[in-house]
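What follows is one structure encoded as structure tokens, with my remarks underneath.
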Amino acid sequence: MANSPSNVSPRPFESMRQLASNMVVGRLALLVILLLAWEIYAQFFADKAMLAPPSSIISALGPKIFGDPAVFAAIRLTLYELAIAFSLSIIIGLAIGVSLGLSDFGRSGLLPIVLLLYAIPQVVLLPLVVMLFGIGPVSKIVFGFSHGIFPVILTTVTGMRSVSPLLLRGAESTGASQWQLIRHVIFPHMVPTVFAGFRLTMTVTLLGVLLAELFVSISGIGYYASVFGQSYDPAPLFALILTLAFMAIMLNEFVRILERRFSRWKQ
Amino acid sequence: MRAGLKTASVQVFFVLAMLALWFGVTSAAMLHPLLLPEPGKVWAQIQKLAVTGSLWKSAQVTFYEIICAYVLAAVPGVLVGFLASRTVWATRFFEPIFAGIFTVPLVLFFPLFIFFFGIGPNAKIAFGAVYAFFPIALNAIAAFSGVDPLYVRGARSMGATTRQLFMNIYLPGALPGILNGLRIGSVICIASVLGGETISAANGLGHSIALSAELLDSAQMYAWVCYVVVIVVAINKSLSAIESMAQRRAQ
């Protein structure tokens, strides 16, 4: 309990910093303990065909994942699909969101349709998407896009609604055109909300792309996941998945940094 | 209430317009029937699936998986949420760990579930349970750590036991947040079980959709999609209704 911030300390900043560094050290220690336990269990107790120790997963990273040009190309292709799906979600989602948020007709007449479509569990449409767009990158981009566009539309509409009507009326009464209204009043105010939605967009776009990648098991990441799994060689399977998880974490951090950069003006 | 009615009427109108468009496009033969079969053929398949009992056979498997997965997510989720929020330090230690894991699309790990549990129901139960655990635990942590410490101290000074403290102070105080997490968890649980079935399974609703797509029987695939969309939306809506009813009672 010595670390509890409720304890009044003469130098609060010092104790806060101590607490923060304790947290990081503690989490790292937890990670190390878990990895050690995994290593010992996998080395001495587990079935080698089912569980690989962390050491052999790491040594599989070189030759089996990054060293194999075909596996590396599959990972790169997934990143490429994600980048296109993410950009399309943002561009088209912003365009639809702004046009819906601008008018009463959009908000009360068209937004319910977006909400209706958003309620559909999209994963049931995955076989249809692959049937329509083939097993290549297009179906993965489409499925990632169809996941990513909804949070962008909804946060854009919410962000536009968060602009105080007083500011809108002020700008209108001083003779601002529709475009000036969007550019100078609405847009700067909706940036923080919209960017906060980008991280969710990144997560769900990646979810859509990966679902489609894993569903199509005759090419790409889905193919290697099933090949590694069927050959009962867990080290490359774990290595592939950890590589993708690391990629997901990095992308998430990247969007978080962007978010911080763009909402700075408000402070 | 009036706004809700307006929203619903717009949605009904949209569905009717889409149906009309479907009839128009197929009768003018603008799309290949493999991509968009005639509504009549899909309707015939919808009836056939119900009459032959294949709907019930698939739905049974999926419901079983969803219920097992949900129980396995909800009980540990609330419990871990309670334990991880016992002290301020524990909350600030564990909350970012769970939140961090949850930002990674966990579908990445689905091949491991197939690897460990095979393509039977167990893989989907484990996958759905793990996926739904995180939103439930995260909301429970937020809810339990938001309980006013004044009440806790008050009850303790009057000699409440740990059990009484949990049942009479923590649980009622945290209930709205827990219910919210349970509802989000149910949506995620259903979606991940269906997703798992679609990617790799031997039976279940998701598998039926994927199989009829593979066999290029698009009328049957659309029929399955109609059933699953209606079932899932109905479950989600009724759980939301139950949640808001419970929220009102909890206040």
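Reminder, nothing fancy here: chain letters follow the sequence lines and each chain counts from 1.
A distance of 7.0 Å separates CZ in B:Phe115 from CZ in A:Phe238, rounded to the nearest 0.5 Å. Atom OG1 of B:Thr103 sits about 11.5 Å away from atom CE of A:Met202, to the nearest 0.5 Å. Taken from CZ in A:Phe133 to CG in B:Leu35, the straight-line distance is 9.5 Å, to the nearest 0.5 Å. Here the CD1-CG distance, from A:Ile241 to B:Leu108, works out to 7.0 Å after rounding to the nearest 0.5 Å. Atom-to-atom distance recorded for B:Ile199:CD1 and A:Glu213:CD is 11.0 Å, nearest 0.5 angstrom.
Within residues 229-241 of chain B, the residues having any heavy atom closer than 4.5 Å to a heavy atom of chain A are B:Val229, B:Val232, B:Val233, listed by residue number.
Around the CZ atom of B:Phe93, the shell of radius 6.0 Å holds more than 12 heavy atoms that belong to other residues, nucleotides or ligands. Shown here is B:Tyr151, whose OH atom has no more than 12 heavy atoms of other residues, nucleotides or ligands within 6.0 Å. Applying the 6.0 Å contact sphere to CZ of A:Phe254 captures no more than 12 heavy atoms from other residues, nucleotides or ligands.
Heavy-atom minimum distance, B:Pro111 versus A:Leu237: CB-CD1, 4.2 Å. Heavy atoms only, all atoms of each residue included: B:Phe14 and A:Leu117 are closest at CE2-CD2, 4.1 Å. The nearest pair of heavy atoms linking A:Pro127 to B:Ala210 is CG-CA, 3.8 Å. A pairwise comparison of heavy atoms in B:Ala191 and A:Val123 identifies O-CG1, 3.8 Å as the closest pair.
Between chain B and the options A:Val130, A:Leu207, A:Val204, heavy-atom pairs under 4.5 Å are most frequent for A:Leu207. Chain A forms the most heavy-atom pairs under 4.5 Å with one residue out of B:Ser192, B:Ser9, B:Pro96, B:Gly206, and that residue is B:Pro96. Contact count against chain B (heavy-atom pairs under 4.5 Å) is highest for A:Leu128 among A:Leu132, A:Leu128, A:Leu126, A:Leu30. Ranking A:Leu211, A:Ile120, A:Leu240 against chain B, the residue ahead of the rest is A:Leu211, based on heavy-atom pairs under 4.5 Å. Among A:Pro121, A:Ala225, A:Ala212, A:Gly222, the residue with the largest count of heavy-atom pairs under 4.5 Å with chain B is A:Pro121.
Of the possible polar contacts, one joining the B:Gln11 side chain to the A:Pro112 backbone as a donor-acceptor pair under 3.5 Å is found. In this structure, the side chain of A:Arg27 does not engage the main chain of B:Ile97 through any donor-acceptor pair within 3.5 Å.
Heavy atoms of A:Leu31 lying under 4.5 Å from chain B are absent altogether. Looking at B:Ser218, both its backbone and its side chain come within 4.5 Å of chain A, counting heavy atoms on both sides. For B:Phe13, no part sits under 4.5 Å from any heavy atom of chain A, backbone or side chain. The contact between B:Val15 and chain A is made entirely by side chain atoms (from C-beta outward), counting heavy-atom distances below 4.5 Å.
Looking only at side-chain heavy atoms (C-beta outward), B:Met221 and A:Met131 come within less than 4.5 Å of each other. Within the 4.5 Å cutoff, no side-chain heavy atoms of B:Thr198 are placed close to those of A:Val124.
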